[in-house]
Amino acid sequence: MTMKQTYNRRQFLKGLAAVGATALLPCRFLVPMNAEAAAFNEAEFTIFRNACPRNCYDTCSIKTYVKDGVIQFIEGAPESTYTDGGLCVKGYSYTRRPYSPDRIKYPMMQDGRRSGKWRRVSWDEALDRIAKKILELKEKDGNLLGMGMTKYSGNFGITNYGVEGMMSSLGYTTRFVGTPCWPAGIDAQNYDMGNMWCNDPEDMAKAKYIIVWGANPAWCSVHSMKYIMEAKRRGAKIVVIDPVFTQTAAKGDVYWQPKTSTDGALALGMAKHILDSGLVNQDFVNNYSYGFEDFANYLNANVTVEWAAEQTGIPAKDIKEVAEEFATADPATIWIGYGMQRHTNGGASVRSIDALVAMTGNIGKEGGGARYGQLQTWGFNYHALIQKQPEGSKGFVGNAAKGEFDFTNGTEAQYSDRTVNINKTAQVILDTKDPAIKMLWVSCKNPFAQDFDRPKLEKAFDTLEMVVTVDQFFNETVANSDIVLPVTTLFEEWTVNVSYWHYWLSINEQAIKPMHEAKSNIEIAAALSQKMNALSPGSCTFPQDIDTKEWMAKEFNKDIYSYFGIADWTELRNGPVKAKLKTSAAWPDHKFDTPSGKYEFKSELCEKNGHNALPAFKERRKHYAAFRLLTPHTKFGIHSQFINLDWMQEYDKEPFVYMHPNAAAKKGIADQDMVRVFNKVGEQRVRVKLTDNVSEDCLLMYEAWFGKGNTFNVQNLVDDESADMGAFKAGAPGVAIHDQFADIERI
Amino acid sequence: MQKQYAFLVDSERCIGCFTCAMACRNYYHQEEGIIWRQVYPLAEEIYPHRERAFFSLACNHCANPACLNVCPVNAYTKREKDGVVVHHQDKCIGCGNCIRSCPYGAPKYNPVAKRAEKCSMCHERLDADLKPACVQACPTDALQLIDLAELHQTNEVQYPAGFPKMESVNPSTRFILPQMPKMVRR
């Protein structure tokens with residue numbers, strides 16, 4: 001396939017070079033020593049403001065350079081001190097994304113799932129099929145609970161919550177709630193502090209001691225690294241704790257490689273030493289905390305540094321040294337990564353780490369804090385999300401769980417949506433009855449690359465009568481669908497974006513017209529509404545004609561304007577703005593949102609929800625195969641996004657499994673061998689790279705989707721075992737992504 | 001010394017994120033298979049942990065460029081004002097002399113244009129007082145634009161291990177070597 005659009009900036013630059021060099025010269029060999037292309041001239045471009053919406057800490061503010069209606073290149077917005085004029089390897093590949101020859105261009109229908117027999121249909125025909133199926137389900141079941149919606153974080157642009165809005169406007173449906181990402185830690189921080197709230201990451205530069213615990217910002221939050229490096233330059237010590245010698249670890253002063261999933265024991269061992277050494281911050285524990293004495297009693301009765309050393313494999317003298325340094329540095333902070341809580345004891349571990357930060361008086365302090373994430377900047381109207389069910393709609397009776405990004409205030413209704421656990425997608429599709437889920441709408445998500453136990457997922461999808469997927473590329477989820485609808489990229493719609501880490505707000509302008517026949521998620525909702533009402537008047541309440549710019553504008557309110565210090569959203573066209581924070585610290589006045597109003601070392605709420613009231617030790621999951629299997633993020637993608645772009649494949653050609661040379665020798669495996677990684681879930685064939693970046697009992701495969709001709713999928717090896725926490729705030733428990741085991745052999 | 005712009009590759013700060021490489025592609029849209037800037041992991045003999053320390057490399061804009069010296073049609077110029085080595089693709093006949101003679105492999109053959117090409121140090125951006133795309137993109141300032149005539153740093157090296165020592169061309173790129181953390185491992 002070739003591109004017809006004249007979007008190639010390179011041709012344009014070459015043209016300039018030719019004009020610059022030759023027009024002035026009588027003879028082509030008489031090149032003056034300063035011959036050059038004309039200087040870069042910003043005025044030749046129309047510049048648009050965009051923001052990366054793809055579930056990443058950094059949520060970069062983008063400047064988009066357009067000429068002749070075509071994106072020529074993009075760069076980071078210089079106004080954001082966080083993005084600081086740069087993007088990341090993924091962001092810079094965006095220029096290719098709207099124009100990728102592999103994009104889904106039109107609505108298409110597949111004759112037989114996984115048959116690959118796709119045919120182009122009109123929007124009208126596709127929506128007709130979908131609408132008739134919805135009406136059929138409603139007719140048969142008397143409600144629409146047979147229609148499921150699974151959506152997650154492929155596009156966090158606020159107007160994309162119109163997908164949920166569309167579902168509500170059809171009636172009460174079945175929603176996949178929860179998050180595979182961070183729920184155990186969210187619950188942990190909610191028990192401890194009453195909310196999840198982190199310091200401005202930019203203030204990490206002020207820290208005198210930083211522990212990066214189970215996070216890899218060098219790959220997953222590149223713009224945060226400059227603050228860590230700045231702190232280091234100012235004399236701070238950087239300790240990185242991770243079972244893998246990550247790129248972040250390589251940049252620290254000290255790297256600890258504990259046994260996987262023993263983080264709780266490590267934190268408790270440090271806490272015990274701080275207690276024994278008299279380094280507890282008495283002002284904080286006496287005045288602003290609840291239950292510290294119980295915690296201290298627990299530590300005295302159950303924890304010794306030697307025990308922690310045995311549990312974790314980190315020598316007692318090192319635990320003591322870092323604990324003392326951490327407790328005496330002022331301010332000191334811990335970045336709690338999402339990776340370390342994806343365990344059956346992940347929530348308990350996060351609580352133990354929170355306790356460490358709290359007992360040293362570092363919560364509420366600039367440059368300090370137990371940093372996990374924040375939703376302070378998410379105070380939008382959720383206009384696209386909040387839609388009314390058609391009159392007379394019937395649904396689930398009773399109160400169902402709500403998802404992590406549900407900002408609606410619960411109103412008592414006779415009916416509600418039915419909620420199922422997003423982390424057990426396959427199992428709930430197989431198990432749900434009365435009515436069974438017969439139709440599934442997938443958007444902003446690639447379940448076959450993200451959801452767990454992929455072999456089971458295929459079986460589950462086979463029970464569905466209709467699968468509609470809204471996407472940009474023909475991924476594996478699309479292959480398991482009947483109808484695919486092409487959706488716009490961030491450059492083709494209006495929306496607005498904030499981060500769950502930094503405090504910047506960015507607008508997403510429509511920089512180019514939608515390519516091919518792509519529509520935004522809210523335009524799709526409107527088109528479906530038109531069709532529904534044409535077939536059955538009153539069957540859908542979603543507006544039938546919308547303008548993405550108007551809808552974006554409706555997401556703003558007075559509170560947001562005042563929080564960010566702007567009078568109107570149009571000011572964002574001049575560049576991103578940062579929240580007007582009185583202080584960069586979270587919890588600066590030590591007034592916590594817990595039942596006691598204090599930091600809760602002891603949480604009765606936590607106990608009521610089935611866990612230990614104290615940040616107590618929790619055993620890790622038992623092995624079910626020879627090696628621990630870790631499947632963290634790659635630097636070349638966000639989950640399954642970006643990996644398939646041709647530009648990315650220039651630098652990331654093939655997936656690997658990483659293995660320690662000693663372990664490989666025992667198995668007769670040499671570097672670059674093709675191997676089979678297998679466990680009770682399934683198997684994956686892949687090439688091996690030997691490295692001591694992983695320990696001898698670990699295998700490491702980066703989560704990714706490679707696209708054409710490559711079936712690599714780590715979800716062939718990850719089961720859907722739940723983490724300990726997550727149901728309290730996110731609606732469903734997290735998933736123990738890193739509590740997986742596998743064996744390996746040479747093919 | 002005359003002004004000579006150069007890339008400073010600070011491997012102590014470099015996180016191997018490939019942002020510089022992709023920023024170049026984002027700006028110039030190279031044809032498939034043509035890479036002007038590449039990020040190379042250091043061999044384990046140099047840095048003992050695989051893929052954890054890197055050199056980001058493009059054209060070195062040498063003091064005595066081999067490419068310029070062998071080009072039969074004067075398609076290369078070295079700018080007097082800043083030492084940037086510019087390849088004029090409109091003059092190039094695609095003979096491949098530069099590709100064969102550059103000891104660092106900077107010029108690449110473009111099979112579509114049937115001519116050579118290489119990193120231009122974004123000289124059209126330099127002339128507009130902008131940084132090269134790769135330098136602007138680097139999130140940790142590991143890749144910087146420096147002028148060798150005004151070099152004040154003392155810890156940089158011209159020929160680190162793994163980087164071929166080619167004194168005849170006198171490459172401009174300078175390096176700061178990576179360090180290692182204290183490691184506590186099982």
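Letters go in sequence order (proteins before strands), and every chain restarts at 1.
Heavy atoms closer than 4.5 Å to chain B are found nowhere in A/P78, neither backbone nor side chain. Only the side chain of A/D697 comes within contact range of chain B, with heavy atoms under 4.5 Å apart. A/D58 does not touch chain B: none of its heavy atoms, backbone or side chain, sits under 4.5 Å away. Proximity to chain B (any heavy atom under 4.5 Å) is restricted, for A/F636, to the side chain, taken from C-beta onward. Using a 4.5 Å cut-off between heavy atoms, A/D318 touches chain B through its side chain atoms alone. Only the side chain of A/W219 comes within contact range of chain B, with heavy atoms under 4.5 Å apart. No part of A/Y227 comes within reach of chain B, as not one of its non-hydrogen atoms sits under 4.5 angstrom from that chain. Residue contact with chain B, scored on non-hydrogen atoms closer than 4.5 Å, involves the backbone of A/T312 exclusively. For A/S224, no part lies under 4.5 angstrom from a heavy atom of chain B. For A/I74, the parts lying under 4.5 angstrom from a heavy atom of chain B are both the backbone and the side chain.
Not counting sequence neighbours, the partners of A/C220 by the side chain to side chain contact (heavy atoms under 4.5 Å, CB included) test are A/H633.
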For B/M183 and A/Q257, what are the C-alpha separation, side-chain angles and deciding distance, and is it a side chain to side chain contact (heavy atoms under 4.5 Å, CB included)?
CA-CA 8 Å; B/M183 298 176 78; A/Q257 183 179 51; over 6 Å; no
Might you work through the side chain to side chain contact (heavy atoms under 4.5 Å, CB included) test for A/F40 and B/Y27, ending with a clear yes or no?
CA-CA 12 Å; A/F40 172 78; B/Y27 195 74; 3.2 Å; yes
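When side chains are defined from C-beta on, A/F245 counts as touching B/P181, because their heavy atoms get closer than 4.5 Å. Side-chain contact between B/N26 and A/S93: absent, with no pair of heavy atoms (C-beta onward) separated by less than 4.5 Å.
Atom NZ of A/K226 is separated from atom CG of B/D141 by 8.5 Å, given to the nearest 0.5 angstrom.
Within residues 13-20 of chain B, the residues approaching chain A closer than 4.5 Å by heavy atoms are, in numerical order, B/R13, B/C14, B/I15, B/G16, B/C17, B/F18, B/T19. Scanning residues 163-171 of chain B against chain A with a 4.5 Å heavy-atom cutoff picks out nothing at all. For a heavy-atom cut-off of 4.5 Å, chain A lies close to B/H49, B/R50, B/E51, B/R52, B/F54 in residues 49-61 of chain B.
Minimum heavy-atom separation, B/Y47 to A/A250: OH-CB, 3.8 Å. For the residue pair A/W647 and B/R25, the shortest heavy atom distance occurs at CH2-O, 3.4 Å. Summarising the geometry of B/Q38 relative to A/Y651, their closest heavy-atom pair is OE1-CD2, 3.5 Å, with the distance given to 0.1 Å.
By the 4.0 Å N-to-carboxylate-O rule, A/E321 lies close enough to B/K182 to be salt-bridged with it. Note on A/K232 versus B/E12: salt bridge recorded, some NZ/NE/NH1/NH2 to OD/OE distance being below 4.0 Å.
Surrounding CD of B/E156 are more than 12 heavy atoms belonging to other residues, nucleotides or ligands, all under 6.0 Å away. Open room surrounds CD on B/E32; 12 or fewer heavy atoms of other groups in view lie less than 6.0 Å from it.
Taking A/T246, A/I314, A/D652 one by one and counting their heavy-atom pairs under 4.5 Å with chain B, the maximum is reached by A/T246. Ranked by heavy-atom pairs shorter than 4.5 Å toward chain A, the options B/T140, B/V84, B/L126 are led by B/T140. Counting heavy-atom pairs under 4.5 Å between each of A/Q247, A/E42, A/E230, A/M229 and chain B puts A/Q247 at the top. Contacts with chain B were tallied for A/V222, A/V240, A/I238; A/V222 has the most, counting heavy-atom pairs under 4.5 Å. Among the candidates A/H223, A/K635, A/K251, A/K90, the residue making the largest number of heavy-atom pairs closer than 4.5 Å to chain B is A/K251.
Remark: the backbone N or O of A/Q72 is paired with a side-chain donor or acceptor of B/H29 at under 3.5 angstrom. No donor-acceptor distance shorter than 3.5 angstrom exists from the side chain of B/Q136 to the backbone of A/G86, with no hydrogens or angles considered.
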